[in-house]
Amino acid sequence: MDEFSQNIYTILSFLGEGKLITYGQLASQAGYPAHSRHVGKILARLPKDTRLPWFRVVNSQGKISLQGDALIRQKNLLEKEGIKVTEEGKIVKFKQYLG
DNA sequence: CACGTGACGTCTA
DNA sequence: TTAGACGCCACGT
């Protein structure tokens with residue numbers, strides 16, 4: 001477990017309900033601005049029963065980067081927190097949910 | 001060592 | 001607003 005991953009987990013654990021963050025912001029806040037892609041890899045290997053709010057992470061365009069059933073899962077979790085998402089996975093009023 | 005790939009980002013037309 | 005071109009970095013082959 002490297003420092004970058006630890007930072008990602010810490011930042012996510014402090015991300016409150018109804019708040020969103022992008023891969024790029026996570027990477028930057030973790031101290032490695034150029035590692036936005038790596039954030040995805042780290043999230044992808046999280047256990048299914050993790051307590052971390054991985055579903056509050058979207059790309060800089062305000063869209064969910066997952067596909068198929070995974071997209072549906074994240075969509076449902078977000079809507080459960082009052083965030084509206086279109087069929088294509090686009091977050092409605094995306095910028096309102098950032099820090 | 002070269003190359004392809006991925007839950008990405010920024011610029012530009 | 002959308003698409004394509006590039007940039008970026010860790011990893012497996």
Table please: side-chain donor-acceptor pairs of residues 44-62 of chain A below 3.5 Å, with sequence neighbours left out.
{"unit_1": "A/T50", "atom_1": "OG1", "unit_2": "A/L52", "atom_2": "N", "d": "3.1"}
{"unit_1": "A/R56", "atom_1": "NE", "unit_2": "A/E81", "atom_2": "OE1", "d": "3.0"}
{"unit_1": "A/R56", "atom_1": "NE", "unit_2": "A/E81", "atom_2": "OE2", "d": "3.3"}
{"unit_1": "A/R56", "atom_1": "NH1", "unit_2": "A/L15", "atom_2": "O", "d": "2.8"}
{"unit_1": "A/R56", "atom_1": "NH1", "unit_2": "A/G16", "atom_2": "O", "d": "3.4"}
{"unit_1": "A/R56", "atom_1": "NH2", "unit_2": "A/E81", "atom_2": "OE2", "d": "2.6"}
{"unit_1": "A/N59", "atom_1": "OD1", "unit_2": "A/Q61", "atom_2": "N", "d": "2.9"}
{"unit_1": "A/N59", "atom_1": "OD1", "unit_2": "A/G62", "atom_2": "N", "d": "3.2"}
{"unit_1": "A/N59", "atom_1": "OD1", "unit_2": "A/K63", "atom_2": "N", "d": "3.0"}
{"unit_1": "A/N59", "atom_1": "ND2", "unit_2": "A/K63", "atom_2": "O", "d": "3.2"}
{"unit_1": "A/N59", "atom_1": "ND2", "unit_2": "A/S65", "atom_2": "OG", "d": "3.2"}

Please list every donor-acceptor pair under 3.5 Å in which a side-chain atom of residues 87-99 of chain A meets a protein atom from a residue at least two apart or in another chain.
{"unit_1": "A/E88", "atom_1": "OE1", "unit_2": "A/T86", "atom_2": "OG1", "d": "3.3"}

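Rounded to whole Å, the C1' atom of C/dG12 lies 14 Å from the corresponding atom of B/dC1. Across B/dG6 and C/dG7, the matching C1' atoms stand 14 Å from one another, rounded to whole Å. Between B/dA7 and C/dT13, the distance separating the two C1' atoms is 23 Å to the nearest Å.
Here B/dT5 presents its P atom at 11 Å from CZ of A/R37, a figure rounded to the nearest Å. Rounded to whole Å, atom C1' of B/dC8 lies 14 Å from atom CD of A/Q67. Rounded to whole Å, atom P of C/dA10 lies 11 Å from atom NZ of A/K41. Distance, A/R45 CZ to C/dC11 C1': 12 Å, rounded to whole Å. Here the P atom of nucleotide B/dA7 and the CD1 atom of A/I72 are 17 Å apart, to the nearest Å. Atoms CG (A/D2) and C1' (C/dC9) sit 13 Å apart, rounded to a whole Å. A/I21 has its CD1 atom 11 Å from the P atom of B/dG9, to the nearest Å. Atoms CG (A/L78) and P (B/dA7) sit 18 Å apart, rounded to a whole Å.
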Review item, nucleotides 10-12 of chain B N/O atoms under 3.5 Å of protein N/O:
none

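With B/dA7, B/dG9, C/dA10 as the candidates, the nucleotide lying closest to the side chain of A/T22 is B/dG9.
For the residue pair A/S5 and A/D2, a side-chain donor N or O sits within less than 3.5 Å of a side-chain acceptor on the partner.
Sorted by first and then second residue, the ring pair (Phe, Tyr, Trp, His ring centres under 6.0 Å) pairs involving residues 17-47 of chain A (not counting sequence neighbours) are A/F4-A/Y32, A/F4-A/H35, A/F4-A/H38, A/Y32-A/H35.
Near DNA chain C, defined here as any heavy-atom distance below 4.0 Å, the residues from residues 25-36 of chain A are A/A34, A/H35, listed numerically.
Taking all atoms of both residues into account, the shortest heavy-atom contact from A/I11 to A/A30 is CD1-N, 3.6 Å. Heavy-atom minimum distance, A/P33 versus A/S28: CA-OG, 3.8 Å. Heavy atoms only, all atoms of each residue included: A/S36 and A/G24 are closest at CB-CA, 4.1 Å.
Side-chain atoms of A/E79 and A/V85, non-hydrogen and from C-beta on, do get closer than 4.5 Å to each other. Contact annotation: the side chain of A/L66 never approaches that of A/R73 to less than 4.5 Å [non-hydrogen atoms, C-beta and beyond].
We find the CZ-CD1 distance between A/R37 and A/I42 to be 14.0 Å, quoted to the nearest 0.5 Å. Remark: A/I83 CD1 to A/K75 NZ distance equals 12.0 Å, nearest 0.5 Å. Here the straight-line distance linking atom CD of A/Q25 with atom CG of A/L20 works out to 9.5 Å at 0.5 Å rounding.
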| note | Secondary structure of DNA chain B per the Watson-Crick/G-U criterion (both distances under 3.5 Å; [ ] crossing, | other strand, . unpaired) is .|||||.||||||
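Residues A/H38 and A/K90 each lie close to DNA chain C; by heavy-atom proximity, the contact nearer the 5' end of the strand is made by A/K90.
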